[in-house]
Each structure stands twice: as structure tokens, then as C-alpha cells.
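What you are looking at is a predicted structure, and each value in this text was computed from that prediction instead of being measured.
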Amino acid sequence: MKRGLILHSALWAALLSTVQAEPVQVATLPAKIVPEQAATLNLENGIVTQLASTAERLEAGAVIAVLNEERTTQEHEELELKIAREEMRLRDELRKLENQRNKVEFFLKLSPRERRYAGHASAEDMPPTEESLRDIDARAALLKREMESSPRLLKQEFERSHAKLTLKMPFSGRLQYHFTLPKEPGKPFELLNLPGRPFASVCDDSAFYITINLNKAELTQLPEDNFSVSIDLPEGKVLTGTFSHRKVEQNSAGNGDMLVYYFRVPEADKETAFNMLGSHAKARLVYDAGENVQYISKLELISHPEAAECENWEQLVARLYPEHHLILIGQRNIIIRPKNNK
């Protein structure tokens, strides 16, 4: 009689769980909050100007800070003078070649008798031959090319060497500095940062994700869109995330690769997620098995006499529910589905 009551109770619980089927918690895992993309920016020590504000969102390409702006201005003036001097030198060289060409042409047009009365050429003059004319023309062409390219090359070299002194937003988003801001950040100040310490970090705040490392084969083989996560916050609040994508990433501990699941945070909770960047949290991983499933309590299962004869949950489910597939073993429940509803 007692056994009949137990079986009746089990069948009633299974039927009830089918009617009230809800997503079931399958694991509690370490979680991180990450933005759509992020970057770390470095800057050498020196005099910093044009420090951007962290109070507002910055667009891609916006200037974050400029290092040694006054010295850069002086070096730019020196560059302009260098370009001007180089242009003058090249012009002088070109005029000399033009004079030499005129002399060679003049001598080539003279008769042999006239050449005897034309005077002697100086040591700098080229021999009055057709080959000399070709050489002069070739040198003049090179000088003209140099006059065109030299300023451009000098400016490109200057910009390359000074580009690292101007930090810009690599993408639109939020900015955080890794040092204590001066009392008057709008004025120039001397930066004395610790070696190897980043100057600032930038995050793309267009989206935030809760990420977890999932390495259980019985979970990774399930439909990923059926997963969701939640993190408990102070004052009874909860931060949730719906599945977005997953990818293989390198383990930060250097222990090979890991499969990371990304769960997108709702738009309304983006500010909360931003304030949680870098923090460690525990996330509840929840799975929604869909329709035609039964959620059975583990406590209920182990109350059956058959539990003493089984070594694992799989065997116990096979004994008690032979017409069902075992879908998932959760933290508190077992999920099963009829075999005729695969």
C-alpha cells in the first residue's frame, strides 16, 4: 500500500512538473562582464595636455590625451625650416645643372674654329658632349622628383614618430584612466606613471555580455539558444543575459583553450554592466528544455526504493521512466522527454 502511494505521488509530481515546466538551473559558474570590445592604451611619461573627460561617451578618433605638445610644436617648426632649407638646396643644385646644360649646348653648337676662341671650361663644367647632356637631364629629373617627394617623406616620418604622442579613441565608447587625475585636468600636468602600467582603457559600450566558461560535454551539446544566465545584485536586483554567441578563447592561466559562452545584457542594464567591468561574479546558468518535457526533483527520485539499486541518475531514470529520454541533469532537477517526442 505504501509503495502504491509512493508511485502515485511520483506520477502526480511528474504530471505537475510537465504542466508547470520552467527553465531549470543547471550550474553556478564564475562569470565576467565584458564589453563589445576593449583596448588598453599606453603613454610615456611627460607633460600631458588635452586630457579627455570620462564623464561622456567619446566617438572614434576623438583625442584622449597629447604628450609633450609644446615640444612637438617646436619640433614641427624645426621640420618646416628643414623642409625650406632642403628645397632651397635642391633649387640651387637644379640651377647649377641648368647652367651646365646651357654651356654644353653652347659649345656643341660652335664650330671647331669657334671653340678655340670660346675659352677654357672650368673644373666644374662637364665635357661638351651629347652624353653630358643626357647625364644632366637625368640628374635634373631626379632633383625635380626629390623636390616633390622630400617634403612629403619628411612630414610622414615626423607624423610616424609623433603619432604615439597623441592618443585617440580606437572606437566609440567609454574611457577610464589608470592613474589619479590632477585637480585641474584641463591644464597641462606632468605624468609620472609606473612602468608597465596602462595609461587608460577604452570599452565599446554599444553592448555588454556576461561570459562563462562551459566545459561540460552534457551542456555544450545542448541547443545553446536555450541557455540564459543571471547574477544576483545588491538590494534584490538581478542582472540577466540571453545567449548571443560562443567562441574558443585562450585560457588566461595558460592551460590551453576554453569554450566561452556570451550572454547579452539588456539595453536597460548597460550602465549596471559598465560599473561591473573587471569584477568577479557568480552566474546561475539556466536551461529551457522547451515543450513536452518533465522536470523531476532529485529529492523525489532518491526517495524511491530503486535508488538504492542504481549507481547514477541515468540508471535511476531508466528504471523509473523507461519510456523517456534523459535530457539534462540539473542542480536540483532531472529533465526528461518522452521517446516519441525527440
Within-4.5 Å side-chain heavy-atom neighbours: [X] and [Y]:
| X | Y | value |
| --- | --- | --- |
| Ile231 | Val238 | no |
| Ile334 | Tyr295 | no |
| Gln294 | Arg337 | no |
| Leu192 | Glu190 | yes |
| Lys155 | Glu80 | yes |
| Leu285 | Ile212 | yes |
| Lys187 | Glu184 | yes |
| Val265 | Thr240 | no |

Please round to the nearest 0.5 Å and tell me the distance separating atom [atom1] of [X] and atom [atom2] of [Y].
| X | Y | atom1 | atom2 | value |
| --- | --- | --- | --- | --- |
| Glu146 | Leu90 | CD | CG | 4.5 Å |
| Arg95 | Arg91 | CZ | CZ | 7.5 Å |
| Leu94 | Glu98 | CG | CD | 4.5 Å |
| Lys247 | Asp257 | NZ | CG | 12.5 Å |
| Gln25 | Ser230 | CD | OG | 7.0 Å |
| Ile136 | Lys103 | CD1 | NZ | 10.5 Å |

Below 30° counts as parallel, above 60° as perpendicular, anything between as tilted: where do the rings of Phe208 and Phe274 land?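 Plane angle over 60°, so perpendicular.
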Could you tell me which non-hydrogen atom of [X] sits nearest to which non-hydrogen atom of [Y], and how far apart they are?
| X | Y | result |
| --- | --- | --- |
| Tyr287 | Asn226 | CE1-CB, 3.3 Å |
| Pro338 | His324 | N-CD2, 3.5 Å |
| Ile335 | Ala289 | CG2-CB, 3.7 Å |
| Ser206 | Arg264 | O-NH2, 3.8 Å |
| Pro182 | Pro185 | O-CD, 3.4 Å |
| Ala31 | Ile210 | CB-CG2, 4.0 Å |

Side chain to side chain donor-acceptor pair (under 3.5 Å), paired with His162, selected from Arg71, His76, Glu75: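 Passing option: Glu75.
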Does [X] reach the main-chain N or O of [Y] with its side chain, forming a donor-acceptor pair under 3.5 Å?
| X | Y | answer |
| --- | --- | --- |
| Asn68 | Ile47 | yes |
| Ser172 | Ala60 | yes |
| Ser303 | Glu300 | yes |
| Asp269 | Leu239 | no |

Same cluster or not: are [X] and [Y] linked, directly or through other Ile, Leu, Val, Met, Phe, Trp or Tyr residues, by side-chain heavy atoms under 4.5 angstrom apart?
| X | Y | result |
| --- | --- | --- |
| Leu97 | Leu108 | yes |
| Leu299 | Ile296 | yes |
| Leu29 | Tyr209 | no |
| Ile302 | Leu320 | yes |
| Leu326 | Leu301 | yes |

Decide side-chain contact (heavy atoms from CB on, under 4.5 Å) for Leu259 and Thr220; before the verdict, give the C-alpha distance in whole Å, the side-chain angles of both, and the deciding distance to 0.1 Å. CA-CA 9 Å; Leu259 184 60; Thr220 58; 3.8 Å; yes
In terms of side-chain geometry, is the basic nitrogen of Glu105 or Lys109 positioned less than 4.0 Å from the acidic oxygen of its partner? no
When you check the gap from the basic side-chain N to the acidic O, do Glu157 and Arg160 get nearer than 4.0 Å?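 Here Glu157 does not pair with Arg160 in a salt bridge, since their nearest N and O are not under 4.0 Å apart.
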For Phe243, the ring pair (Phe, Tyr, Trp, His ring centres under 6.0 Å) test, sequence neighbours excluded, returns Tyr261, Phe263
Among pairs that include at least one residue of [range], which meet salt bridge (charged side-chain N to carboxylate O under 4.0 Å, His left out), considering only residues two or more places apart or in two chains?
| range | answer |
| --- | --- |
| residues 29-56 | Glu44-Lys164 |
| residues 309-323 | Glu309-Arg319 |
| residues 271-289 | Arg174-Glu271, Asp232-Arg284 |

What residues, two or more places apart in sequence or in another chain, satisfy salt bridge (Lys or Arg N to Asp or Glu O under 4.0 Å) together with [X]?
| X | result |
| --- | --- |
| Lys237 | none |
| Glu78 | none |
| Asp137 | Arg101 |
| Glu86 | Arg89 |

Apart from [X] itself, what residues make up its hydrophobic cluster when side-chain heavy atoms of I, L, V, M, F, W and Y under 4.5 Å apart count as a link, directly or indirectly?
| X | value |
| --- | --- |
| Val286 | none |
| Leu67 | Leu41, Leu43, Val48, Leu51, Leu58, Ile64, Leu165, Leu167, Met169, Phe171, Leu175, Tyr177, Phe179, Leu181, Phe189, Leu191, Phe199, Val202 |
| Phe158 | Leu79, Ile83, Leu154 |
| Leu81 | none |

Met258 and Val248: side-chain contact (heavy atoms from CB on, under 4.5 Å), yes or no, with the steps? CA-CA 6 Å; Met258 59 184 182; Val248 176; over 6 Å; no
Decide yes or no on side-chain contact (heavy atoms from CB on, under 4.5 Å) for Leu277 and Cys203, but give the supporting numbers first. CA-CA 10 Å; Leu277 289 177; Cys203 77; 3.9 Å; yes
Using side-chain contact (heavy atoms from CB on, under 4.5 Å), reason through Thr166 and Val63 one step at a time and then give a plain yes or no. CA-CA 7 Å; Thr166 300; Val63 174; 4.2 Å; yes
How about [atom1] on [X], more than 12 heavy atoms from neighbouring residues, nucleotides or ligands closer than 6.0 Å, or not?
| X | atom1 | answer |
| --- | --- | --- |
| Glu70 | CD | no |
| Lys298 | NZ | yes |
| Arg197 | CZ | yes |

Walk me through whether Lys270 and Asp205 qualify under salt bridge (charged side-chain N to carboxylate O under 4.0 Å, His left out). CA-CA 8 Å; Lys270 284 170 58 174; Asp205 61 349; 5.7 Å; no
